[in-house]
Every structure is written in C-alpha cells, then in structure tokens.
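Written below as structure tokens is the structure these notes are about.
Everything numeric in this text was worked out from a predicted model, so none of it was measured. Lettering follows sequence order; numbering is per chain, from 1.
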Amino acid sequence: NAGVTQTPKFRVLKTGQSMTLLCAQDMNHEYMYWYRQDPGMGLRLIHYSVGEGTTAKGEVPDGYNVSRLKKQNFLLGLESAAPSQTSVYFCASSQTRINYGYTFGSGTRLTVV
Amino acid sequence: DQQVKQNSPSLSVQEGRISILNCDYTNSMFDYFLWYKKYPAEGPTFLISISSIKDKNEDGRFTVFLNKSAKHLSLHIVPSQPGDSAVYFCSGGTSYGKLTFGQGTILTVHP
C-alpha cells in the first residue's frame, strides 16, 4: 500500500521554465490537496479538489494551475517558474470527513534559480 | 489573516519530562483540530485529533486539550522521548472542509 506518491522528489528550474508535479494516491480518497511549506509560514494550501474533475483555489493559488482528470491523480503545474516558488511542495489526500486526517506524500523540493 | 497560530517556533525538553505544544485559533467555525508530526525529508503524519465538542482526547503518551472559550489547544507528550524530536503542526477545519495549518513548532528532546 503506497499511500500518496509524489514525483519528482527534487527539481531545479530556471526562472521562466515550466513543470508539472504529479501526485498519485491509491486509497480511493475523494479529496486531494497541494500545500507548500516555507520557513516560518507553515503549510499553506495552494489548490484542492473534492472529486474527479473538480478543482478549487486555496490560500496561495497565484502562479499555479491544477488538474484532476482521474480520481487517483492530482497534478500541480507551474507555467512560468519564479524564485518565489522555491519551496517544498506536499500533496495530500483524505476521505470526505476531516477528522480522519490527511495522508501526505513525502514532498517535492523545488528550487527556482 | 492567520487562522491558526503556533507562537513558539521551538521547544527544548529533557527526555522523560513533559512536552507542551500550544496553538491558538481564530475561526470559531472549526469542528475539528488535528496535530501532525513531521520528520526532516518526510511528509507530515497524522498524530491525534479532537472534536470541538470535546475538551480532551488521549492516545497513549499524547493528549490534546481544547479550550474553546480561549480558542486555544495544546498537545501534551508524556513522557517525552528523543524519537519525538520533530516539527509539530497544529491544524483546524470544518467537518467536510479543508485544514488550515499553523507555522509549526520544532520540538527537540534531549537524552
């Protein structure tokens, strides 16, 4: 049982380049999320999805796009990377009720130079 | 507007003693509060939760206390162990909503 898998684990981008982060879960969870973690800022929600084909903006959505074409996958795209997007990105999934908690992936460390 | 705040960036405790991590929130609509633990180079893992209708939840060495009138919760770890050294995140949310996380507190337990 893999849980939540994120690829890649590390990436270095040049300013202006684009990339897609992939998140896959095998727990049949309805909800999926993308967070970023920055020093002193905790985990901030970028975008989330409450089901296949749906997406919604979180707290810090600017500069990112997402898609959820299949229930098990949630993609995070950066169209034109900026140094301010240097961060550690975490994907998570959950059942519909929040009290069951989230299952997080191991993260993607992205550096934009 | 930071809805969940952890005002102590770090906490240092001796092995065997109690660790108390604190968290304040502003959103009175939160139904649940959850604590997560994070080791370096890993994703956060769920530790313990509490419903807004309870004031205490216990799971082994971990106990979470909720004071709704003060909009404050705390996580107690007794006794603390070196393996508990990690970043602890407090979070809150509504029943079918999404979680809002605090900034995290780095706990160091010295042998």
**Report entry** ring pair (Phe, Tyr, Trp, His ring centres under 6.0 Å) contacts in which one or both residues fall within residues 7-28 of chain B, not counting sequence neighbours
**Finding:** B:Tyr25-B:Phe33
Query raised in the report: Distance from B:Thr94 atom OG1 to A:Arg97 atom CZ, nearest 0.5 Å?
Result: 10.0 Å
Query raised in the report: Applying the 4.5 Å side-chain criterion to the ILVMFWY set and letting contacts propagate, would B:Phe62 and B:Leu66 be lumped into a single cluster?
Result: yes
Query raised in the report: Any side-chain heavy atom of B:Phe101 sitting closer than 4.5 Å to one from A:Met41?
Result: no
Query raised in the report: To the nearest 0.5 Å, how far apart are CG in B:Leu34 and CD1 in A:Ile98?
Result: 6.5 Å
**Report entry** CD1/B:Ile18: more than 12 non-hydrogen atoms of other groups inside 6.0 Å
**Finding:** yes
Query raised in the report: Can A:Ile46 be reached from A:Phe74 by stepping across I, L, V, M, F, W or Y side chains whose heavy atoms are under 4.5 Å apart?
Result: yes
Query raised in the report: Would B:Leu73 end up clustered with B:Phe65 when hydrophobic side chains under 4.5 Å apart are linked, directly or stepwise?
Result: no
Report summary line: Listed by number, the residues in residues 11-22 of chain A that come under 4.5 Å of chain B (heavy atom to heavy atom) are none
Query raised in the report: Using non-hydrogen atoms only, which part of B:Pro9 is less than 4.5 Å away from chain A: side chain, backbone, both, or neither?
Result: neither
Query raised in the report: Hey, is NZ on B:Lys5 packed in by over 12 heavy atoms from elsewhere, all under 6.0 Å?
Result: no
Query raised in the report: More than 12 non-hydrogen atoms from neighbouring residues, nucleotides or ligands closer than 6.0 Å to CZ on B:Arg17, yes or no?
Result: no
Query raised in the report: Can you check whether A:Phe104 and B:Phe46 have ring centres sitting under 6.0 Å from each other?
Result: no
Query raised in the report: Any chance CD of B:Gln14 has more than 12 other-residue heavy atoms, nucleotides or ligands included, within less than 6.0 Å?
Result: yes
Report summary line: Bottom line for A:Tyr33: the part with an atom under 4.5 Å from chain B's heavy atoms is side chain
Query raised in the report: Would a distance-only check, ignoring hydrogens and angles, find a side-chain to backbone donor-acceptor pair under 3.5 Å from B:Tyr32 to A:Gly101?
Result: no
Report task. Between chain A and each of B:Gly43, B:Pro44, B:Ser91, count heavy-atom pairs under 4.5 Å; write down the option with the most. Result -> B:Pro44
Report task. Group every Ile, Leu, Val, Met, Phe, Trp and Tyr by side-chain heavy-atom contacts under 4.5 Å, then state whether A:Tyr48 and A:Tyr89 land in the same group. Result -> no
Report summary line: d(A:Glu59 CD, B:Thr100 OG1) to nearest 0.5 Å is 7.0 Å
Requested in this report: Name the region of B:Thr45, side chain, backbone, both or neither, that has any atom closer than 4.5 Å to a heavy atom of chain A.
Outcome: neither
Report summary line: Taken in chain and number order and not counting sequence neighbours, the residues that satisfy ring-ring contact (aromatic ring centres under 6.0 Å, His included) with A:Tyr100 are none
Query raised in the report: Would you call B:Lys38 and A:Phe90 a side-chain contact if the rule is heavy atoms closer than 4.5 Å?
Result: yes
**Report entry** Toward chain B, the part of A:Leu45 with a non-hydrogen atom under 4.5 Å
**Finding:** side chain
Query - A:Arg68: salt bridge (charged side-chain N to carboxylate O under 4.0 Å, His left out) partners, not counting sequence neighbours - result: none
Query raised in the report: With hydrophobic residues grouped by side-chain heavy-atom distances under 4.5 Å, do B:Ile77 and B:Leu11 end up in a single group?
Result: yes
Query raised in the report: What part of B:Leu99 lies closer than 4.5 angstrom to a heavy atom of chain A: side chain, backbone, both or neither?
Result: both
Report summary line: Ranking A:Arg109, A:Gln6, A:Lys9, A:Gln37 by heavy-atom pairs under 4.5 Å to chain B gives rank one to A:Gln37
